[in-house]
Amino acid sequence: MRKRTPMTWEQLFFSVICIEALSDELNTTGDEIYKMLAEKSDILDAYIVPFHDVLHTQGLKYIVSELIDLMKERGVEQ
């Protein structure tokens, strides 16, 4: 199991928003999205958390689209 990156409250809140938005878009559970982002890839720790300050300035549709593209690139979403 990977060591989790420590998060601020803002990073945690933003991560939850991303997980829920992806869950809605991909019609799956938040638990499955978390597994894709944190266990099957490093998207949560290497992209969402460190870049939340830039990402949160974008619209939610843009963020979801970018994350889905990244998930496809990393092989965790078809």
Please output the side-chain donor-acceptor pairs of residues 47-57 that fall under 3.5 Å, not counting sequence neighbours, one pair per line with the distance.
residue : atom : partner : partner atom : Å
His52   : ND1  : Val49   : O            : 3.3
His56   : ND1  : His52   : O            : 3.0
His56   : ND1  : Asp53   : O            : 2.9
Thr57   : OG1  : Val54   : O            : 2.6

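With rounding to the nearest 0.5 angstrom, the OG atom of Ser65 is 10.0 Å from the CG atom of Leu22. Put simply, CD on Glu25 and CD1 on Ile63 are 13.0 Å apart, with the number rounded to the nearest 0.5 Å.
Side-chain N or O atoms of Glu20 include none that pairs as donor or acceptor with a backbone N or O of Ile17 at under 3.5 Å. One N or O on the side chain of Ser15 and one on the backbone of Gln11 form a donor-acceptor pair closer than 3.5 Å. Counting only distance, with no hydrogens or angles, the side chain of Ser23 and the backbone of Thr28 share a donor-acceptor pair below 3.5 Å.
Closest approach of Glu77 to Met36, counting heavy atoms only: OE1-SD, 4.3 Å.
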query = Does the side chain to side chain contact (heavy atoms under 4.5 Å, CB included) test come out yes or no for Asp42 and Leu37, once each step is laid out?
reply = CA-CA 6 Å; Asp42 66 346; Leu37 299 177; over 6 Å; no
message = Quick one, Leu67 with Lys72, criterion side chain to side chain contact (heavy atoms under 4.5 Å, CB included). Give me CA distance, side-chain angles, the key distance, then yes/no.
response = CA-CA 9 Å; Leu67 290 173; Lys72 288 178 181 176; over 6 Å; no
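Here the side chains of Leu12 and Thr8 are not in contact, with every heavy-atom distance at 4.5 Å or above. Between Val64 and Leu26, the closest side-chain pair of non-hydrogen atoms is not below 4.5 Å. Side-chain contact between Phe14 and Ile19 is absent, with no heavy-atom pair separated by less than 4.5 Å.
With sequence neighbours excluded, the residues satisfying salt bridge (charged side-chain N to carboxylate O under 4.0 Å, His left out) with Asp31 are Lys35. Listed by chain and number, the residues in a ring pair (Phe, Tyr, Trp, His ring centres under 6.0 Å) with Tyr62 amount to none (sequence neighbours excluded). By the salt bridge (charged side-chain N to carboxylate O under 4.0 Å, His left out) test, Glu32 pairs with Lys40, sequence neighbours left out.
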